[in-house]
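Notes for the one structure printed next.
Residue numbers start from 1 in every chain, and the chains themselves are labelled A, B, ... in the order their sequence lines are given, proteins ahead of strands.
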Number of protein chains: 2
Amino acid sequence: VGIRGKCLDGQSILECGRRLNVDIVSICGGMGTCGKCRVRVVSGRVNEHSPEEDSGMSVQDLDQNYRLACRTRPIDDVRIYIPPESLTAPQRTQVEGLELEFEPDPPFRILDVQLRPPTLGNPEADEMNLIASLDEQHGVSMRKIDLGVLQMLSPAIRDSAWKVRVALRDNEIVAVGSTESRWLGLAVDIGTTKIAAYLVDVASGRTLASKGLMNPQISYGEDVVSRITAASKSPESAANFQTMLVDALNAAVDSLCGKTGARRDHIAEAVIVGNTAMHHLFLKLPVKQLGMAPYVPALRSAIDIKARDLGLLIAPGGYIHLLPNIAGYVGADHVAMLLGTDVTSSNGIVLAIDIGTNTEICLINRGRLSSVSCASGPAFEGAHIKNGMRAAPGAIEHVILKGQRLEIQTIGGISPIGICGSGLLDVVAQMRLNDALDASGKIQAHPLVRNIQGMNEFVVSVLPDRDDISVTQKDIRELQMAKAAIRLGIVALLEAEDLCEEDIGEVVIAGAFGTFIDIESAVTIGMLPPLPLERFKQVGNAAGTGARMALVSHRRRIEARQIAERNHYIELGSIPGFNRKFAGASVMSDKPLVCR
Amino acid sequence: VGIRGKCLDGQSILECGRRLNVDIVSICGGMGTCGKCRVRVVSGRVNEHSPEEDSGMSVQDLDQNYRLACRTRPIDDVRIYIPPESLTAPQRTQVEGLELEFEPDPPFRILDVQLRPPTLGNPEADEMNLIASLDEQHGVSMRKIDLGVLQMLSPAIRDSAWKVRVALRDNEIVAVGSTESRWLGLAVDIGTTKIAAYLVDVASGRTLASKGLMNPQISYGEDVVSRITAASKSPESAANFQTMLVDALNAAVDSLCGKTGARRDHIAEAVIVGNTAMHHLFLKLPVKQLGMAPYVPALRSAIDIKARDLGLLIAPGGYIHLLPNIAGYVGADHVAMLLGTDVTSSNGIVLAIDIGTNTEICLINRGRLSSVSCASGPAFEGAHIKNGMRAAPGAIEHVILKGQRLEIQTIGGISPIGICGSGLLDVVAQMRLNDALDASGKIQAHPLVRNIQGMNEFVVSVLPDRDDISVTQKDIRELQMAKAAIRLGIVALLEAEDLCEEDIGEVVIAGAFGTFIDIESAVTIGMLPPLPLERFKQVGNAAGTGARMALVSHRRRIEARQIAERNHYIELGSIPGFNRKFAGASVMSDKPLVCR
């Protein structure tokens, strides 16, 4: 999966990428100074290193053929790898995350079988014919054929001259077709805002196509709580929420099949992950009890459901496997993230964080798993922020303050129209670094600070013919609440395991937002603990990766179950000294909070 | 299940029955001469025996309190049992057949369970709470809860103060409700023409209500072959055929629930039987291959299907169990009939016959089972017969020829408007006995025989202001073909087992038509072998009885599987000497055909 295209003579990779609609991050505007446009030259010849690269990039990066896209020009055909953090937000939300690097052990076996044409003397039922032939030719002893398969079996075997290909799952035939049939799989990560869908060749584990789309429920509320409230109103609204989701998935499947020439009835299995609320809404499970203390899920275990029971139009006998949830606000998507990053097999101390409106954090302490859920709120999505907006074209996503000049990077490189979560994080961090903000989160006097109607604000952009863009004291308080919730979650996990922040060997940050934040900024304002930058790893849509792993591997499903079962959930609201700890976590500084 | 009502002073049971819409057979019109209105006085006082009863009834009948309904008047409150053969056809088609006389061992267990209210410290998922509580309180180790149950579980346990009643089937919870819930079962026999549905208390095995209805597919053809042709036209027509059936069943369930005050979502299990074509159409299985040689079923084995997969509106997690088929034209209804009559456990030699448009016959030879299917055609339904009609009010259903006077009995006792199958059988038998017909089936000179447009016919009814009713030479040929097919089936079964007709210890005749034919007439024309009358047993809707047995008993389902698996199917079209044997079977006489 990638993009292929022509670059014009003398164009940099940065410029060429924009021409091909691949939007690479650049704050300095291609001047070689911000260092954000890191890409790796996989093959082909390019120009020599520029002085900016030699001085601004690490030796490790240079050794691994990393370059700055703005300083690099192809000399002949080249292959370029663009790491997720070098893509602008709208492109990164749908990236594939880590690639799969393991031997698939698919949930079903694919077998070709020759049937015996029946005669008047032996008018054997088609179903018994198939079962007996499977036994004779493959030593498979099974009795169960899905109803959907039975409904198409008789014409299928007659159309293909009594030789068919079946997909055998556990003890059941879930798909039948000609011996040309290629059974595929579908992996889906249902986010509160966005949905990522992948069409996968189950036998090889290869992703054939991927597709990003909006969650259509968004018109009923941007966050999980408003969805729960809306869906709980009546059985009809719950049914409506389910239908919206499945209609969107069916459209995504159509699109994926269109891209690849695949047939939807060749998709023999799907794996779907989402947070607990999305998981429940997709299954049409009640969510009312999720919305009030003690926030109880209707279902925690992994489950296999016939796709037809949910209206998903894949192979007639196909199953949907849903990974397990951990708690009311730590869902199957978090399990998938842990699976996709393989952090739980670590023998060290690892923190895995999925930042969003709700932030889930898992601490892996030498094989022991515990998790919390933090109500980080919608500030990262631009909500309740004066000039806030989603990560869409025109959003300021990164800034650097140089003296009194603010260099800004917008998504799509167009004039700024608002500020998205990562941009806000950068602005506030730059304010702290330049003494425009104190550790309590109060705006200080600074040439870019002005007072409008009694409220201080930091001016980010002033352009003729455009509304000014600024970050207000209130905006900063919103961000402060969000970052405090996340930091408190980290504190609670570490304290429960009697660990220090500095003990953390690795911090894995997943998800769309987590991938495009500037880690230094996050550390500067005390959202993340102060650790050497190389301990942080931004992994993109790891939940999607985990879903694809579970799709093609039975072992990974077992592993996912173990991850959920072993995971000790800590309810943040019930930790001792909550208020004191929350106050500590809200300090805007890069000082450690939990240490010896 | 029965009817309770008031008789007027001096009314006979026959008259009183008619007043209460219980239509008892009477050919002589209540004169005490035809002996057809046999009923049994179960309790209460009635008048003394009449001379007609003393002379016309057997000692055995009199000993068992059998009386003629036309000669019996109640003196105080009485309970009367009306044997199926004494009811007119429309009433008998829906009778319940044999009552269930065995200990139920239902397919699901009913358990009450107390759950632990979750807390912030232990926000256990509802599903795991239920599973753990079941384990603790009942030692039940299961992991599977149906999706439909999960979708209602959370509100159900909160509405009932954390104590619920569940139905546990194998390893799966299929229903949940308050501790007042009473789980019921539904048994259905889908005939080509009529459907019988029963609501059963699964724990006791008691039938709470029953309901007869027409098969709505009948507008697409009266016989199985025309249905197969119509349903094979397109996937839409197959879907339409399925929808028609399930809509009719849903309406029947509504009616049964209305009669008993039961709730449809308390019906936790259904058992459905039908001939192979009805079985397939109900499951939306392809039937095209059923309609052409070698007449192969898509599915032979018993199968459990979620009711929702077929649109049957019962408990959300409820299953439908379909009994196995034996062959393309020997279906699950025949298996149910064999189960319902318990003939297969016999150590003797028994013939079990289900007469209809298609007649299925099973020979039980000291534990060995073999079966045939005979295309007896629609003559018994009145089709292709000049004055033929279904067994409906106004149909002549029995006749006796006294000299030159034909005494006739119509359904409902009204003026005759046509002749139904049993009436035709009687007319032809009376013609044979009175030399109006020879053994080859050719009409002979007789006062009631006339010739119209070159064809001989036997006049049955001539009434002013009414069309004459007669039986033509062509009608007789139709009946002859039908009876020959049945007799040939019997011959083929006996020859394959090297038996003689006289070896048969019992002939069990099931089904609507089989129940209301006159056995003597059937023997007279050579449809049934000449055996002493007491060897014949008419058992009513035994398929419905078998379905109800399977509904409430897991053991009986296993037995049904064994009946189907052990059953050796003989394809009548491939027996050696077919033509010669068919000619022999078509002789209209009461001579034995297979003997030493």
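- Within residues 563-579 of chain B, the residues having any heavy atom less than 4.5 Å from a heavy atom of chain A are, in residue-number order, B:E565, B:Y569, B:E571.
- Within the 4.5 angstrom heavy-atom criterion, atoms from both the backbone and the side chain of B:L283 approach chain A.
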Kindly indicate, with the supporting measurements, whether the criterion side chain to side chain contact (heavy atoms under 4.5 Å, CB included) is fulfilled by A:E127 and B:L285. CA-CA 11 Å; A:E127 151 256 2; B:L285 296 177; over 6 Å; no
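- The CG atom of A:L150 sits 9.0 Å away from atom NE2 of B:H280, with the distance rounded to the nearest 0.5 Å.
- Here the CD1-CG distance, from A:I320 to B:L147, works out to 9.5 Å after rounding to the nearest 0.5 Å.
- In this structure, A:D126 and B:Q289 approach most closely via the heavy-atom pair OD2-CG, 4.0 Å.
- The residue among A:G148, A:G121, A:S154, A:A327 with the most heavy atom pairs within less than 4.5 Å of chain B is A:S154.
- Of all heavy-atom pairs spanning B:L299 and A:A125, the tightest one is C-CB, 4.2 Å.
- In this structure, CD1 in A:I145 is found 8.0 Å from OG in B:S301, a value given to the nearest 0.5 Å.
- Among the residues in residues 235-244 of chain A, none has a non-hydrogen atom closer than 4.5 angstrom to a non-hydrogen atom of chain B.
- The shortest non-hydrogen separation linking B:P294 to A:P118 is CG-O, 3.6 Å.
- With a 4.5 angstrom heavy-atom cutoff, B:A298 touches chain A via backbone and side-chain atoms both.
- Of the atoms belonging to B:L310, it is side-chain heavy atoms, and not backbone ones, that fall under 4.5 Å from chain A.
- For A:R143, the CZ atom counts as loosely surrounded, since its 6.0 Å shell holds 12 or fewer non-hydrogen atoms of other residues, nucleotides or ligands.
- If you take CG on B:D309 and NZ on A:K306, they are separated by 8.5 Å, rounding to the nearest 0.5 Å.
- Atom CD1 of A:I131 is separated from atom CZ of B:R300 by 12.0 Å, given to the nearest 0.5 angstrom.
- Contact annotation for A:I303: only side-chain heavy atoms (C-beta onward) come within less than 4.5 Å of a heavy atom of chain B.
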